[in-house]
Amino acid sequence: MEEEIHQLNKAETSFRTIIEPFKIKSVEPIRMTTREKRKKILRDAHYNVFLIKARDVMIDLLTDSGTSAMSSDQWSGIMRGDEAYAGSESYERFEKTVKEIFGFKHVIPTHQGRAAERILFSTVCKKGDVVPNNSHFDTTRANVEYQGAIAQDILIEEGLDPESPYPFKGNIDLEKLKALIHRVGKARIPLCMITITNNSGGGQPVSMANIRAVKGLLSKHDIPLYFDACRFAENAYFIKLREEGYKNTPIQEIVQEMMGYADGCTMSAKKDGLANMGGFLCTNDDFLAKRERELLILTEGFTTYGGMAGRDLEAIAIGLREILKEDYLIYRIAETEYLGRNMEEAGLPIVQPPGGHAIYIDAKAALAHIPPSEYPGQALVAAFYLAGGIRAVEIGSVMFGKVDAKTKKEIPASMELVRLAIPRRVYTQSHIDYVIEVAKRVWKSREALRGFKIVEQAKVLRHFTAKFEPL
Ligand code: F0G
């Protein structure tokens, strides 16, 4: 069957138009707003789009997490959800699916990705340990650091250069990993993580060759390898597209090979689980699994639901199969690429090449007249909202700027990016065309854009609640 679909896809891609591989059964209205109205909304929200009500957003590209549209099969599954406290049938279906796709021995259900991270790191990490990762996502970093351990990013140099077209910019730098193991010793490295795809670095994939090489190196030192698997299917599809030897390999087999190199994974089902909530932790280690399940019961729930309703387990079990369908992945990556290429053609500097789940605009390059201390990313985010009711997110000095303890001056982030994340199966090509049109309008008016100052902020994670004033 999979082979048949694969052949079909090969034939269908000879058409120029890649259609959405679904039709719409249920719709959610978009509330239209005028520029005048948005001006007031933005002002009332103190120029922070996190403080804008979702109903006042026309195209919401804040995140691809938990925002997917579910299929009719998933909605049917929801009605079948077995809500038994212990031993629910929905859990059986969930566990069977995760085991079949990911291949790990133990599956521990959690309410979302960060809960899996917390359980994993509080089980394996101690003070002074070091956890390498291509790039830690912010909750992953926070959960490592919460244990008193160090979260060390060891991404290849190409991954730090927005303009580099390298096909696997999420790869781990093997030399940096080697040097790290040599410097701190294997006893202080409880595990190494690979984030697929690399969200913090532009949604860029990791190659099979890199995964294999990392595993080879870690095996010599008995260090386990874990995936942060949020966007595992998108990563697998990039391997199929870009890596030699995988052109004819079914996605499921690519996933199995990837996972086969690892000892476990954390997963947020809110991304490539096509669900609105949920996650899990996997491991092959019996001893660890026992300790993790004890913690699970303490804070998440019993081992056969772990923070989710039976209906969530059903939605994920079905979503994980749907995400592996090649017609879906062809459409998914084409949609992101279409947005990226059109913005690039219009002149906007984007992180190259377009990622899996999002397009990242290099705000530092786009608004060279606004210094990082005046938040060029924030200026762009505000401009997208004002021009077209589009909500994007700043990933720059607002999110990652740090105040120097001595000088009290702010140290800017290394990059000033704006992420336009695409929810799965939610927007059609005309929505994306509209985003492109708005981007062009913003680009045209870029010289008139002004920076911002922060007038109120929280001590941690300030981007969620900070209040701004235009300069
Ligand atoms: N790891 C990665 C790579 C992520 O992108 C996220 C979430 C998590 C872990 C945590 O998962 O939200 O289920 O607890 N990323 C979202 C985003 C929030 O917008 O990129 P979670």
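Just so you know, ligand 1 is whichever comes first in the structure, and atom 1 is the first atom listed for that ligand.
In terms of protein heavy-atom proximity, atom 18 (C) of ligand 1 is closest to F137 CZ, 3.9 Å. Nearest protein neighbour of atom 7 (C) of ligand 1, counting heavy atoms only, is K271 NZ, 2.6 Å. Taking atom 1 (N) of ligand 1 as the reference point, the nearest protein heavy-atom neighbour is D228 OD2, 2.7 Å. Protein heavy atom nearest atom 10 (C) of ligand 1, with residue, atom name and distance: T139 OG1, 3.5 Å. The protein atom (non-hydrogen) at minimum distance from atom 21 (P) of ligand 1 is Q112 NE2, 3.3 Å. In terms of protein heavy atoms, atom 14 (O) of ligand 1 is closest to R114 NE, 2.6 Å. For atom 9 (C) of ligand 1, the closest heavy atom belonging to the protein is E117 OE2, 3.1 Å.
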Report the C-alpha separation of Y47 and F452 in whole Å, then their side-chain angles, then the decisive distance to 0.1 Å, and conclude whether the ring-ring contact (aromatic ring centres under 6.0 Å, His included) test is met. CA-CA 9 Å; Y47 302 91; F452 282 91; 5.3 Å; yes
Could you go step by step and tell me if R55 and E28 meet the salt bridge (Lys or Arg N to Asp or Glu O under 4.0 Å) rule? CA-CA 11 Å; R55 67 162 182 268; E28 185 180 341; over 6 Å; no
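A distance-only check finds a donor-acceptor pair linking the side chain of D129 to the backbone of K126 [under 3.5 Å]. Remark: side-chain polar atoms of N48 are paired, donor with acceptor, to backbone N or O of F50 under 3.5 angstrom.
The shell of residues lying under 4.0 angstrom from ligand 1, judged by heavy atoms, excludes G279.
Using bins of under 30°, 30° to 60° and over 60° for the plane-to-plane angle, the ring pair Y305/F302 lands in the tilted bin. Ring pair F102/F232 is tilted by interplanar angle, where 30° to 60° counts as tilted.
Residue contacts with ligand 1, taken as heavy atom pairs separated by less than 4.0 Å, involve R419 solely via side-chain atoms from C-beta onward. Contacts of K270 with ligand 1, taken as heavy-atom pairs under 4.0 Å, involve the side chain alone.
Between the side chains of H357 and N199, at least one donor N or O sits under 3.5 Å from an acceptor N or O. A donor and an acceptor atom, one from each side chain of E257 and Y246, are located under 3.5 Å apart. Side-chain contact annotation: E292 with T283, donor-acceptor N/O pair under 3.5 Å absent.
The ligand atoms of ligand 1 that sit less than 4.0 angstrom from a heavy atom of R231 are 3 (C), 4 (C), 5 (O), 20 (O). Taking every heavy atom of T63 and a limit of under 4.0 angstrom, the matching atoms of ligand 1 come to 17 (C), 19 (O). Contact atoms of ligand 1 toward T195: 3 (C) (distance under 4.0 Å to a heavy atom of the residue).
A salt bridge is defined here as a Lys NZ or Arg NE, NH1 or NH2 lying under 4.0 Å from an Asp or Glu carboxylate O, and R424 with E234 meets this definition.
Of the options A229, G203, S268, the smallest heavy-atom separation from atom 13 (O) of ligand 1 is shown by S268.
At a 3.5 angstrom cut-off on N or O pairs, C230 does not count as close to ligand 1. Geometrically, ligand 1 and N199 share a nitrogen or oxygen pair separated by less than 3.5 Å.
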